[in-house]
Amino acid sequence: MSDAPSNVGWTREDMARRVAQDIPDGSYVNLGIGIPELVARFVPQGRELVYHTENGLLGMGPSPESDDGDPELINAGKRHVTANPGASFFHQSDSFAMIRGGHLDLCVLGALQVAQNGDLANWSTGEPDAIPAVGGAMDLVAGVKAIYVITQHTTKTGEPKLVESCTYPLTGARVVNRVYTDLAVIDVTPEGFRLVELNPGIDLDFVQNRTGAQLLPTPESTLST
Amino acid sequence: MSDAPSNVGWTREDMARRVAQDIPDGSYVNLGIGIPELVARFVPQGRELVYHTENGLLGMGPSPESDDGDPELINAGKRHVTANPGASFFHQSDSFAMIRGGHLDLCVLGALQVAQNGDLANWSTGEPDAIPAVGGAMDLVAGVKAIYVITQHTTKTGEPKLVESCTYPLTGARVVNRVYTDLAVIDVTPEGFRLVELNPGIDLDFVQNRTGAQLLPTPESTLST
Amino acid sequence: MIDKRVESAAEALADIRDGSTVMVGGFGEAGSPIELIHALIDTGATNLTIISNNCGSGEVGLAALLKAGRVSKVICSFPRTANSTVFPELYRSGRTALELVPQGTLAERIRAGGAGIPAFYTPTAVGTPLGDGKECREFDGRSYVLEYGLRANVTLIKGRRADSHGNVVFNKTARNFSPIMAMAGETTIVQVEQVVEPGSIDPEVVVTPGIFVDRIVTVMSPAHESALIAAGATYP
Amino acid sequence: MIDKRVESAAEALADIRDGSTVMVGGFGEAGSPIELIHALIDTGATNLTIISNNCGSGEVGLAALLKAGRVSKVICSFPRTANSTVFPELYRSGRTALELVPQGTLAERIRAGGAGIPAFYTPTAVGTPLGDGKECREFDGRSYVLEYGLRANVTLIKGRRADSHGNVVFNKTARNFSPIMAMAGETTIVQVEQVVEPGSIDPEVVVTPGIFVDRIVTVMSPAHESALIAAGATYP
C-alpha cells in the first residue's frame, strides 16, 4: 500500500477545522500534542471553548506572538502558551482530578493505532530500545467523557493506523469515540468502524483499501440529502 | 469514690499551662474543643506555635475581643477566632491531609476515658438514645504524631477516667501518649500508666485511689533531685 | 459563549428530582448556602439524601429542610449542635437515617468521588465502632479500612465571588467542604455575593476552577444562620 | 520563633544521605529547582531514587544529576524529551532503573503519600502494559488498579515567594507537582525568589501552607533550564 497521493485528502489544518466543528459551545477540552494542538486555531464563530492543559492550566490561550513567553507558562507539549481571561492555575493532583473525575468533555489525541473496538495505542511502539514515556495519555483516555483521535489515515510508509486490533502497547482499551483522518471521519461503534463522512473526491473503496479493518457504511438515515 | 476536694488539684488553667510547657517552639498543634482550647492562652515566652483548626485554618489566633467577629472565621468548636500573620485557609480535604498525613506535631484532646494501653474514648457514651457525632476526632488520633489528653482525673460523679480498658466506644486504639489531669501528669507506656509528675500536696495513693488502673511510679532516673 | 449565571435560586434548582443525593457545603454556619437550601425547600423535592458536615441549627437552612420532612438520609460527621432539635427528633423517630462518617474520611470520600477514585484506604476509625464491619487491610504493618468515593446529583455551595465562567473564591473558613463538593456534584450550583467578568479574578488565586461549577446565583447579602436564629426566623 | 530560612542551598541539603528518595518538582523546565538540584550534586549523595515528572534536558539540573551517576532509579511519567541524551544512555546501559507511571497516577500517588492514604484505586492504565500485573478490582462494573502512596526523604521544589513560616505561592504552570511533593517529603526544601514577613501573603491565596515546608532558600534570579542549555552550560 502506498501513500495517498499528496493532492488527495484533507490537510492537517482541514482535519483540525473539521474536529473543531464538532465541539459544542462551552466545552472543556484537552488537546494532545501534535496535530491536536491545531484544533485550537479553528473555534467556530460564536462558540467559546475552554482548553485544559494537564500540567496545570484551564483557559489556555494560543502561543504568544513573540517567542519570549514566560518559560513557566507552558502547555503539556512544553511550548509557551498564554492564559485567557477566566483562566486558573492548579497543581497536578487537581489537574488530574479534572481528568479522571470525568469533568472534561472532550480530549483530542494523536494515535499510532486505533482498533475497531476503540482500543488506542499512542504512547509506545514497544520497540525494545525505545525509552518508554507515557505522560498523561492514559489518564486522559480513562477519564475524559469523549475521546476523539486526529491522525493521518496511514503511516508514512502506508500502513493502516485503523486496525482490527492494535499491535502496539495500548494507551487504553475501548476508549476512542471518533477518528478524524485526512480521508474520512469515522465513528467507533459497537459494530466496529462506521463511516461518518468521506472526503469529497475520495470513494469508499479508496479508504477501505487503506484501513486495516472493515468500514461499515454510513447509515442511510444520517446521509445528507 | 468522691470528688477531689475543691481545694485540691490543679485548676483547668493550671492544667492548660502545664501542657503548654511541654510544647516545643515551632510546633504545629491542633487543640480539641473544651479544656484543650485553654492551652492556647499559655504559650511560654520565646516560643511560637502554629494552631491548626480542622475546619480549614492554620495559624489560628485567639477569639476576637468583641463578639462581632466574622461568622465565617470560626474554629472547629464553631467559635469566632482570628487569623495570625502567616495564616492560611484551605479546604477540608487539604486540612485532613495535614492531619492524616502526619504533618501535625501534637493534638490536645479531651476524654471520656483513657485506657492504660492508650485507647481513647471521647466521642460517644454509647447510650442508645444519644445522637452520635464524631467530627474530626478519629482522624486526629489516627494521624497526628503525638496525642495528649487533658481532662479531670475523674468524672463529675467521681468515676475514674483513666481505666484498664475503655467501656465507651473508642475514638482510636493505642493512640494517647500522655494525660494531664488536675492531679497528675501521666505517660502511657508499653507497661501501662506511668506517673510523670504529681500535683504537689497530693500523694501517690490519693491519685491511685482515683485511677481505674495501676499507676507505675516515676522512674528514679527522671526524678528531680 | 460561557455564562453560567442564572436568574434566581429557584431557576437553578428547578430540575431537581425526588430521591436526589445533594451535597451541601458549610461547616456550622460558615459557608452554609442558606438561600439555595431555602430554594430547595421551595421545589418540594423529597426523599433526599443530604451529604453535609452538620445538620443545621434552629429552623432555617438545613434544619428547615429536615423539618419539612424532605430528607430520608444524612451522611454527616457531626449532626448534633447546640441549637439543633430538628435532627435529633427525626433520628430518634427513625424518619431520617444517619450514616456517621469521620470528618476527614467524609472529606476524602467527597474528594475521591470528584477525582474519579472509587475507593481508598485510610487509618481513620480502625479499631472503633465506625470502622467495624468495614473491609480492612494492612500496609507496612498498619491497619487501614477501605472507604468509597461519594458523588452527588446536585451540590449546593456558597462562595464569595465568582466570574461568569464559574471560577470561585471563598471567605476564610467558609471554604471548608465547598471546593471538594463542587468537584463531586453532577450539577454544582454556587451562590455568590458578586459575579465579575472573566479575568477579574487572578488565575493564581482561583480556588474552585470554573470546570467544577454549572450554575451561579447571585445573593448579594446572604443571611447568616446565627443571625436568623437570633431573630427567631423559621423557613418557610 | 519560626523562621525556616537557611543561608544557602548547600546548608539546606547538608544532611542528605546516600540512598535517599528525593522528589523534585517541575514539569519540563517550569518549576524545576535547578539551584537546589545543583546543590544536591555538590553534596556527593548517591544511589538516589528520584521521583519527578521528567528527567531533565541537556546537562544541567536533573540531567546533570543523572549524568553524575548519582541516580539508581527514577519514578517518572515522561523521561524522554527533545534535548535529553543523558537518561536514554543510562537507561539503555541498565545503570538507572525506570518505574514508568502515568502522570495522573504519579500525581495521585504523591498526594496520597502526603495525605496519609496508603493506597487507592484508579481506572488509569487498566488494560495496558502499565496496568499489567497490578492488583485489579471492579467497582460498579468498571475495572480499577490498586496504586500505592509515594513518600520521599527529601523534596526539592521551586516557588516564587514564601514567608518565613514557609507559606508559598508559585508562578503559573510552574506550580505543577510542587504543592503535592511538599506534602509528601519528610524534609521539604523550597527555593524562592523572595522571602517576606508572615502576614505579607494573603491567607486566602497561600498555595502551600507552611506546615509542609521545612527549609527555605532564597535564589533571587533562578536559572531557566532552556537558557542554560542554549548557553551550552553544564554542571558541575
Side-chain angles (χ1 to χ4, degrees), chain B residues 33 53-57 60 67 69-83 87-102 119-121 123-124 126 128-143 166 168-175, chain C residues 27-32 53-55 57 76-82 84 87-88 91-92 98 100-108 110-112 114-115 122-131 143-144 158 160 170-181 183 207-208 224-227:
Chain B
I33 299 167
T53 181
E54 60 263 36
N55 54 314
L57 166 59
M60 178 177 66
D67 199 35
D70 186 335
E72 297 196 322
L73 178 49
I74 60 175
N75 67 10
K78 305 190 175 76
R79 257 182 279 274
H80 295 176
V81 294
T82 51
S88 54
F89 296 109
F90 33 81
H91 63 56
Q92 286 297 279
S93 178
D94 282 347
S95 183
F96 282 87
M98 293 177 191
I99 292 170
R100 201 190 306 100
D119 287 358
L120 172 67
W123 69 285
S124 166
D129 68 336
I131 304 298
V134 65
M138 286 188 182
D139 306 282
L140 286 161
V141 300
C166 295
Y168 294 145
L170 293 193
T171 306
R174 300 172 183 273
V175 295
Chain C
F27 177 92
E29 70 174 321
S32 181
N53 192 62
N54 306 105
C55 284
S57 299
C76 166
S77 98
F78 209 89
R80 188 180 68 210
T81 53
S84 75
F87 178 76
Y91 177 74
R92 291 201 178 98
L98 169 66
L100 190 71
V101 182
Q103 192 173 334
T105 299
L106 182 62
E108 192 66 13
I110 293 166
R111 179 194 173 276
T122 176
T124 299
V126 168
T128 79
L130 299 188
S143 292
Y144 298 83
K158 176 190 182 183
R160 181 168 227 175
F170 298 88
N171 179 40
K172 304 185 180 77
T173 56
R175 187 183 303 194
N176 57 68
F177 283 88
S178 298
I180 50 177
M181 287 180 169
M183 296 166 63
V207 174
T208 287
H224 289 296
E225 197 175 273
S226 57

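Every chain is numbered from 1 and lettered A, B, ... according to where its sequence line falls, protein lines coming before strand lines.
- Neither the backbone nor the side chain of C:S178 comes within contact range of chain B; no heavy atom of the residue lies under 4.5 Å from a heavy atom of that chain.
- Between atom CG of residue B:L120 and atom OG1 of residue B:T171 there is a gap of 4.5 Å, rounded to the nearest 0.5 Å.
- In this structure, chain B has no heavy atom under 4.5 Å from any part of C:N53.
- In terms of heavy-atom pairs under 4.5 Å with chain B, the best-connected choice from C:A107, C:A174, C:S77 is C:S77.
- With a threshold of 4.5 angstrom between heavy atoms, B:I99 does not approach chain C through any atom at all.
- Of the possible donor and acceptor atoms, none in the side chain of B:D119 sits under 3.5 Å from a partner among the backbone N and O of B:C166.
- Only the side chain of B:F96 comes within contact range of chain C, with at least one heavy atom under 4.5 Å from a heavy atom of that chain.
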Item to complete: For the pair B:L140 and B:E54, evaluate side-chain contact (heavy atoms from CB on, under 4.5 Å) and give the outcome as yes or no after the intermediate values.
Response: CA-CA 9 Å; B:L140 286 161; B:E54 60 263 36; 4.0 Å; yes
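- With a 4.5 Å cut-off on non-hydrogen atoms, C:V101 touches chain B through its backbone but not through its side chain.
- Every residue two or more places apart in sequence or in another chain that forms a salt bridge (charged side-chain N to carboxylate O under 4.0 Å, His left out) with B:R79 is listed here: B:E37.
- When the candidates C:P123, C:G127, C:A227 are compared by the number of heavy-atom contacts under 4.5 Å with chain B, C:P123 comes out ahead.
- The closest side-chain donor-acceptor pair between C:S226 and C:E29 falls under 3.5 angstrom.
- Rounding to the nearest 0.5 angstrom, the gap separating the CE atom in B:M138 from the OG1 atom in C:T124 is 9.0 Å.
- Of the listed residues B:A76, B:S88, B:P128, the one with more heavy-atom pairs under 4.5 angstrom with chain C than any other is B:A76.
- Here the CD1 atom belonging to B:I33 is positioned 7.0 Å from the CG atom belonging to B:N75, to the nearest 0.5 angstrom.
- Using a cutoff of 4.0 Å between basic side-chain nitrogens and carboxylate oxygens, C:E225 and B:K78 are not scored as salt-bridged.
- Taking chain B as the reference chain and counting heavy-atom pairs below 4.5 Å, the highest number among C:I110, C:T105, C:L106 is found for C:T105.
- Among residues two or more places apart in sequence or in another chain, the salt bridge (charged side-chain N to carboxylate O under 4.0 Å, His left out) test is passed with C:K172 by B:D70.
- Contact annotation for C:L98: only side-chain heavy atoms (C-beta onward) come within less than 4.5 Å of a heavy atom of chain B.
- Contact annotation for C:Y91: only side-chain heavy atoms (C-beta onward) come within less than 4.5 Å of a heavy atom of chain B.
- Of the residues considered (B:A87, B:S95, B:A133, B:A83), B:A133 shows the highest number of contacts with chain C, using heavy-atom pairs under 4.5 Å.
- Of the atoms belonging to C:R92, it is side-chain heavy atoms, and not backbone ones, that fall under 4.5 Å from chain B.
- Residue C:F170: no heavy atom, backbone or side chain, is found under 4.5 Å from chain B.
- Chosen from B:G135, B:A137, B:A173, the residue pairing most often with chain C at heavy-atom distances under 4.5 Å is B:G135.
- Side chain of C:N176 to backbone of C:T173: a donor-acceptor contact under 3.5 angstrom is found.
- Taking chain B as the reference chain and counting heavy-atom pairs below 4.5 Å, the highest number among C:R175, C:Q103, C:H224, C:R80 is found for C:Q103.
- Neither the backbone nor the side chain of B:A97 comes within less than 4.5 Å of any heavy atom in chain C.
- Interatomic distance, C:K158 NZ to C:S32 OG, rounded to the nearest 0.5 Å: 7.0 Å.
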